[in-house]
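Structure, as structure tokens:
Here the structure is a predicted model, which means the values were calculated and not measured. Chain letters run A, B, ... following the sequence lines, proteins first, then strands; residues in each count from 1. All heavy atoms count here, side chains included; hydrogens, waters and symmetry mates do not.
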Number of protein chains: 2
Amino acid sequence: MKRMATISDVADAAGVSRQTVSNVLNTPTIVRPDTRQRVEEVIARLAYRPHASARRLRTRKSSTIGIRLDPMTDGISGSVLDRFLHALTEQAAERGLRILIFTAAGPEDEIVQFKRLIDGADVDAFVLTSTFHGDPRTEWLIENGHSFVTFGRPWGIDDMSDENHLWVDVDGSAGLRAATEHALAAGARRVGYIGWPVGSGTGDDRRRGWQSALVASGVTDVALLESLQVAANDTVVEGGAAMLRLREQVPGLDAVVCASDSLALGAMMNNPHALPVTGYDNTPVAAALGLSSVEQCLGDVAAGVLELLMAESAAGAAAGSGAGAGSGGAAGESSGGAAGERSGDAAGEVAGDGVMGPQADDPRHRLVIPRLVVREMVVPGWSPE
Amino acid sequence: MKRMATISDVADAAGVSRQTVSNVLNTPTIVRPDTRQRVEEVIARLAYRPHASARRLRTRKSSTIGIRLDPMTDGISGSVLDRFLHALTEQAAERGLRILIFTAAGPEDEIVQFKRLIDGADVDAFVLTSTFHGDPRTEWLIENGHSFVTFGRPWGIDDMSDENHLWVDVDGSAGLRAATEHALAAGARRVGYIGWPVGSGTGDDRRRGWQSALVASGVTDVALLESLQVAANDTVVEGGAAMLRLREQVPGLDAVVCASDSLALGAMMNNPHALPVTGYDNTPVAAALGLSSVEQCLGDVAAGVLELLMAESAAGAAAGSGAGAGSGGAAGESSGGAAGERSGDAAGEVAGDGVMGPQADDPRHRLVIPRLVVREMVVPGWSPE
DNA sequence: CGGGGCAATTTGATCGATCAAATTTGCTGT
DNA sequence: ACAGCAAATTTGATCGATCAAATTGCCCCG
């Protein structure tokens with residue numbers, strides 16, 4: 001392992017000064033083309049790479065984003081955050097950013113970790129997941145003026161439009177509307193809903209999606225709407241129990257849509273007539289059982305998160321220069337969200353095209369439209385009674 | 001966000017020199033106790049934190065470990081690596097290390113990423129997972145003299161004892177032996193095995209565990225042993241098919257142990273007589289279905305990985321100084337593996353205590369003994385025919 | 001022919017820490 | 001009282017990059 005080449009080595013070898021090499025790397029436009037080419041050749045020949053720590057020391061930027069690795073959310077859907085992390089890492093690399101992960105025992109401890117990482121100049125922004133209303137973490141970050149983006153809306157009435165709070169989220173309502181409409185289009189009339197207890201922003205949002213589709217199809221009887229939905233905590237066992245209740249209280253049940261794959265798996269276990277069941281999150285479990293499921297397009301979410309972050313830091317840097325701040329991230333040529341896609345899924349048909357919602361032009365948040373992955377339920381040995 | 005305090009600020013405020021402050025932080029023993037205390041008070045008062053990048057520039061160490069985020073291994077057991085990552089991050093923090101994640105399109109691309117991260121001084125060691133025989137990644141790392149530890153043995157005959165290749169692994173053989181012995185102790189006589197096709201080091205190792213337990217219990221008939229095992233790729237569907245075959249070819253089947261929770265889930269779907277089924281990895285799915293499963297003790301694995309890494313770097317640094325290299329990591333007071341434990345699991349009984357295997361004293365690799373988590377199968381609505 | 005205007009390049013200082021060597025302090029023994 | 005010596009502390013240099021300001025080179029016009 002021989003000594004790394006430094007910027008001075010390159011400068012000497014190319015017969016220019018350090019700063020010119022630096023310019024070739026950071027501000028290529030101000031270097032004369034022939035000089036630039038000469039320097040670039042030397043860089044390639046010596047396999048020179050700037051020393052990240054030295055650069056960070058000088059620029060006071062780490063080009064690193066911190067994200068907490070959530071404690072295992074026991075459910076099956078825990079893997080959603082892992083997939084998001086994967087998409088985020090992949091797209092961050094394309095933009096020259098690094099992802100540093102950390103753990104914390106709880107929200108308060110997470111703030112301690114924030115301090116540690118910021119003070120040490122380890123990271124210059126955070127991505128938060130699983131935020132909740134009145135979350136102390138976002139409050140602290142805003143108060144202390146640190147960059148962050150959350151995956152998930154702040155459900156508080158006032159937070160939602162807080163201009164200091166950047167967020168990206170998936171439009172769960174649209175996802176469940178699509179799932180419900182698909183069931184209706186397939187001929188179902190009574191489409192039941194197994195969701196989470198009232199009170200969680202995410203859960204209520206999803207329920208609204210199901211409900212709006214039913215209402216739009218002509219189901220306006222409030223009592224009927226009420227009986228078509230049951231609430232359960234997000235476990236397989238509760239999902240199973242919920243399915244029993246639903247079948248009992250709705251005689252002509254045609255199909256069921258669920259707020260999660262965990263609930264859907266539970267429902268499938270008490271599904272002797274093989275009613276179509278739709279889950280949410282498109283986890284491996286749904287794929288294994290042949291359940292239709294709402295796919296969150298985490299690649300798009302990750303892209304949105306990074307764009308918001310880069311736009312913010314660019315805006316902060318340009319506060320004073322007259323250059324247009326609208327150009328945002330320069331390295332975005334590979335967008336389109338194809339990166340994080342799970343390809344080759346056999347049961348291809350898709351409804352909803354995964355584009356950004358109407359808020360796409362709002363510089364402070366982004367709502368990603370999920371898409372429905374339709375599958376045939378083919379469960380070996382799962383025969384009706 | 002006011003300006004960060006630097007080491008000089010602390011020095012001035014405490015009436016000492018920069019270097020003394022540095023010593024308080026890095027070599028407290030050589031500072032006179034009263035001076036040290038005075039400096040420490042100022043550090044606390046100013047909330048001083050060393051600037052990580054500056055330190056890294058000078059010391060040429062990043063105190064950061066790189067690990068590739070594997071592409072989603074579609075199966076249910078994919079979460080094992082996520083849990084490992086979580087445990088690793090947690091324990092790394094306790095030792096003052098950071099974890100940087102990255103992605104790669106394949107082994108060759110991963111090597112490109114290695115280069116990128118090392119040249120930029122972003123990381124000074126790697127943790128590899130899912131290694132295989134003749135893995136180009138480990139070859140490259142060894143050739144170029146970079147530190148790394150693999151989670152998983154190099155199954156090649158010669159690699160295994162390669163002194164440049166540090167590894168930590170879980171003793172899958174012991175895990176399946178424990179699972180099988182537990183079934184035998186519960187009165188089962190014909191314990192079948194659903195495993196992966198011959199050829200994978202890990203899979204063959206697990207099969208040996210099951211077989212050795214059966215042989216020890218007196219099953220020596222080769223033909224019988226042969227008929228008691230079936231092979232399947234690691235999917236739920238194949239697991240289900242394998243269960244059907246096994247039931248067909250073994251009349252008095254009493255119990256089944258599997259090489260993974262995916263296979264076990266498949267088996268459960270074709271298990272009308274509710275035979276006891278045991279999985280491997282103790283995933284949320286196993287917990288949800290009430291399957292017994294072999295828990296890999298990833299906290300211990302993570303601890304082992306970090307200890308090997310730190311021991312190596314300490315040894316590298318001490319190559320020349322007479323100080324005892326045996327002390328290893330100084331910050332290990334919180335060991336015992338309690339960190340990564342999933343607490344509050346209802347069905348507590350445990351066999352095998354998770355201690356290190358006989359290789360515990362070998363400085364180059366470590367074999368962690370897994371433990372069997374025993375559960376009652378209580379699957380709602382899953383009634384025998 | 002001199003110099004204004006502008007682009008391209010170079011120079012010196014700096015980021016915040018640690019290393020290596022020099023210096024001061026404190027203690028011991030005779 | 002002081003040499004001798006170790007412990008404690010300080011000083012100057014350095015890691016590899018970028019920033020800000022100074023310099024050089026070039027073209028064109030009066």
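Using a 4.0 Å heavy-atom cutoff across all strands shown, T6(A) reaches sugar-phosphate atoms only and no base atom.
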Checklist entry - For T103(B) and H86(A), what are the C-alpha separation, side-chain angles and deciding distance, and is it a side-chain hydrogen bond (donor to acceptor under 3.5 Å, both in side chains)? => result CA-CA 7 Å; T103(B) 60; H86(A) 193 272; 5.5 Å; no
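Minimum interatomic distance between V305(A) and V168(A) (heavy atoms only, all atoms of both residues): N-CG2, 3.6 Å. Across every non-hydrogen atom of S62(A) and R98(A), the tightest pair is O-NH2, 3.0 Å. Between I111(B) and P136(B), the closest heavy-atom pair is CD1-O, 3.7 Å.
Note on D124(A) versus R56(A): no salt bridge recorded, every NZ/NE/NH1/NH2 to OD/OE distance being 4.0 Å or above.
Between F102(B) and F126(B), the ring planes lie perpendicular to each other; the angle is over 60°, past the 30° to 60° tilted range.
For residues 30-38 of chain B, proximity to DNA chain D is found at I30(B), V31(B), R32(B), T35(B), defined as any non-hydrogen atom under 4.0 angstrom from a strand atom.
Between the N144(A) side chain and the H146(A) main chain, no donor and acceptor come within less than 3.5 Å of each other.
Taking OG1 of T29(B) as the start and CZ of R36(B) as the end, the distance is 7.5 Å to the nearest 0.5 Å.
Closest approach to the H51(B) side chain among dT10(D), dC15(C), dA17(C) is made by dA17(C) (side chain taken as heavy atoms from C-beta onward).
Proximity of T20(A) to the phosphate of dT10(C): a side-chain N or O atom is located under 4.0 Å from OP1 or OP2.
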Checklist entry - When every nucleotide of nucleotides 18-25 of chain D is labelled 5' to 3' by its protein contacts under 4.0 Å (heavy atoms), B for base, S for sugar-phosphate only, - for none, what sequence of letters results? => result BBB-----
